[in-house]
Amino acid sequence: MTTVAAYAAPAAKAPLERTTIERRPVGEFDVLIDIKFAGICHSDIHQAREGWGEAIFPMVPGHEIAGIVSEVGPGVTGFAVGDRVGVGCLVDSCRACENCKAGLEQYCTGGAVGTYNALDKNGEPTYGGYAEKIVVDENFVVRIPEGLKLDEAAPLLCAGITTYSPLKHWNAGPGKKVAVVGMGGLGHMGVKIAHALGAEVTVLSQSLRKKEDGLKLGADHYYATSDPKTFEELRGTFDLILSTVSAPLNLDTFLSLLKTDGAFVNVGAPEEPVRLNLFSVIGGRKTLAGSGIGGIRETQEMLDFCAEHGFGAEIELIGASEINEAYERVLASDVRYRFVIDAATI
Ligand code: NAP
Ligand code: ZN
Ligand code: ZN
C-alpha cells in the first residue's frame with residue numbers, strides 16, 4: 001500500500017479537508033498515475049452532500065483526472081512510464097455483459113465501479129482524483145493526446161464525454177439545430193463539441209450574463225430562459241436539446257421548443273424528481289431521453305476529437321485549499337467554466 005495525500009469530505013455536507021488515503025499496490029494490469037490535475041464536477045458536490053442518497057465517507061471526490069504514468073504492472077501493454085493519461089468516472093466493470101462487450105461500460109449490468117463513492121471488487125471503497133496518485137487497471141485509463149494541455153484536458157474526462165456521447169448518438173451535425181441548456185461545466189463543452197460537429201448551436205441559459213463567452217465558444221445564438229419571450233420565439237425550433245441543468249426544470253416548456261420528432265436528452269442529474277405532462281411528448285412524436293457519461297473507447301475517441309479540433313475546457317485553476325469555496329461558486333452557477341485543482345497543492 002502507498003499512503004498519499006488527498007482532500008476528503010469526512011461526512012455528508014462537511015467541508016473537504018486535507019487527509020491521507022491508502023492506494024493499493026500496483027497489480028499486474030495496473031497503472032500508477034501521478035495526478036497533475038483534477039476537475040470539479042457538479043456530481044462531486046451532489047455526492048459529497050448526499051444529494052443523490054446515502055454515500056460512503058470519508059469521500060475523496062474527483063472523476064476528471066489527468067496525470068502522468070509513474071509505474072506500470074508487469075502485464076500492462078498499453079501504457080509506459082511517462083505517458084500522459086486520464087481517468088474518468090469508471091475504474092472497473094464486469095467486462096463480460098453485453099454492454100461491456102459493446103464498449104458501453106457505463107451501462108454495465110454486472111456492476112461498474114465508480115472512481116469514488118463506490119466499492120471495488122474486493123469490497124474496498126474507491127477514492128477519486130482529489131489526491132496525489134491513483135492506481136487504476138489499464139483498461140480504464142485513456143491517453144491524453146499531445147495537442148491538449150493536461151489541465152484543460154482533465155474536465156474532458158467527465159464533462160467532455162458526457163456531452164460528446166449524446167451529441168454523437170443523436171446525430172448533432174450539419175443541418176441540425178441543437179440547443180444546450182445550462183452554460184456550466186458540461187454545457188460549455190456541449191457548445192464547443194456541437195459546434196465542432198457542425199451543428200447550429202443555441203445556448204439556453206438562465207440569463208444573458210455569459211452570452212459573449214457562449215458566442216466565442218461556438219454558439220450561433222444565445223437566449224435567456226428567464227425571459228418568457230424566449231419560449232414563444234423558439235417554439236418548434238430544435239432537432240435536439242441537450243440539458244445539462246443540475247436542478248429540476250419545467251420539462252413541458254422545454255419540450256415545446258422541439259420540432260416534430262425532435263429529442264430532448266437530459267444529462268443533468270438533479271436531486272429531486274421532475275414532473276412531466278405526457279402530452280408534451282405525444283404531440284409531435286417527441287423523444288425524452290437520458291444519457292450517462294460514455295464508454296472507455298468513446299472517451300478516447302472524444303479526447304482525439306478535441307485534440308484534432310484544438311480545444312480543451314475553459315478552466316479556472318485553483319489550489320486544493322480553495323475546493324470548498326469553488327463548490328459554493330458552482331452551486332451559485334458562478335463557474336467559468338470548470339474549476340480544476342492543481343494536484344501539486346494537495
Ligand atoms: P454546473 O457547472 O454547475 O452547470 C450546471 C448549469 O446548469 C449551471 O451553470 C447553470 O447554467 C444551470 N443551472 C443551475 N441551476 C439551475 C436552475 N435552478 N435552473 C436552471 N438552470 C440552472 O454543473 P455540471 O458539472 O455541468 O453538471 C451538470 C449536471 O450534470 C449535474 O447535475 C451533474 O451531476 C450532472 N452530470 C451528469 C452526468 C451524466 O453522466 N449524465 C455526468 C456529469 C454530470 P446557466 O447559468 O447557464 O443557466
Ligand atoms: Zn462528472
Ligand atoms: Zn458489464
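Along the sequence shown, residues carry numbers from 1. As the structure is a computational prediction, the values presented were derived from the model and not from experiment. Counting convention: from 1, in listed order, for ligands and their atoms alike.
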> Does V330 belong to the same Ile/Leu/Val/Met/Phe/Trp/Tyr cluster as I318, with side-chain heavy atoms less than 4.5 Å apart forming each link?
Replying inline: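 In one cluster with V330: I318, yes.
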Checklist entry - Can you list, by chain and residue number, every protein residue with a non-hydrogen atom closer than 4.0 Å to ligand 1? => result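 Heavy-atom contacts below 4.0 Å: C41, H42, S43, H46, W52, C158, T162, G182, M183, G184, G185, L186, S205, Q206, K210, T244, V245, S246, A247, V267, G268, A269, S291, G292, I293, V330, S333, V335, R338.
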Have [X] and [Y] got a donor and an acceptor in their side chains that come within less than 3.5 Å?
{"X": "Y116", "Y": "D44", "result": "yes"}
{"X": "N324", "Y": "E328", "result": "no"}
{"X": "T225", "Y": "Q206", "result": "no"}

Is any NZ, NE, NH1 or NH2 atom of the basic residue among R329 and E316 found under 4.0 Å from an Asp or Glu carboxylate oxygen of the other?
->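 A salt bridge is present here (some side-chain N lies under 4.0 Å from a carboxylate O).
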Task: Lys/Arg N to Asp/Glu carboxylate O, E146 vs R84, below 4.0 Å - done: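 Salt bridge between E146 and R84, a charged N being under 4.0 Å from a carboxylate O: yes.
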Q.
Tell me whether the rings of F305 and F311 are parallel (<30°), tilted (30 to 60°) or perpendicular (>60°).
A.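 Perpendicular.
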Below 2.8 Å, which protein N, O or S atoms neighbour the Zn ion (ligand 2), ignoring water?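 Protein N, O or S atoms closer than 2.8 Å to the Zn ion (ligand 2): C41 SG, H63 NE2, C158 SG.
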| query | So among E314, E152, E64, which one has a salt bridge (Lys or Arg N to Asp or Glu O under 4.0 Å) with R338? | reply |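 Result for salt bridge (Lys or Arg N to Asp or Glu O under 4.0 Å) with R338: E64.
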Flag side-chain contact, heavy atom, 4.5 Å: Q47 against P61 =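 A side-chain contact is absent here, since even the closest heavy-atom pair is not under 4.5 Å.
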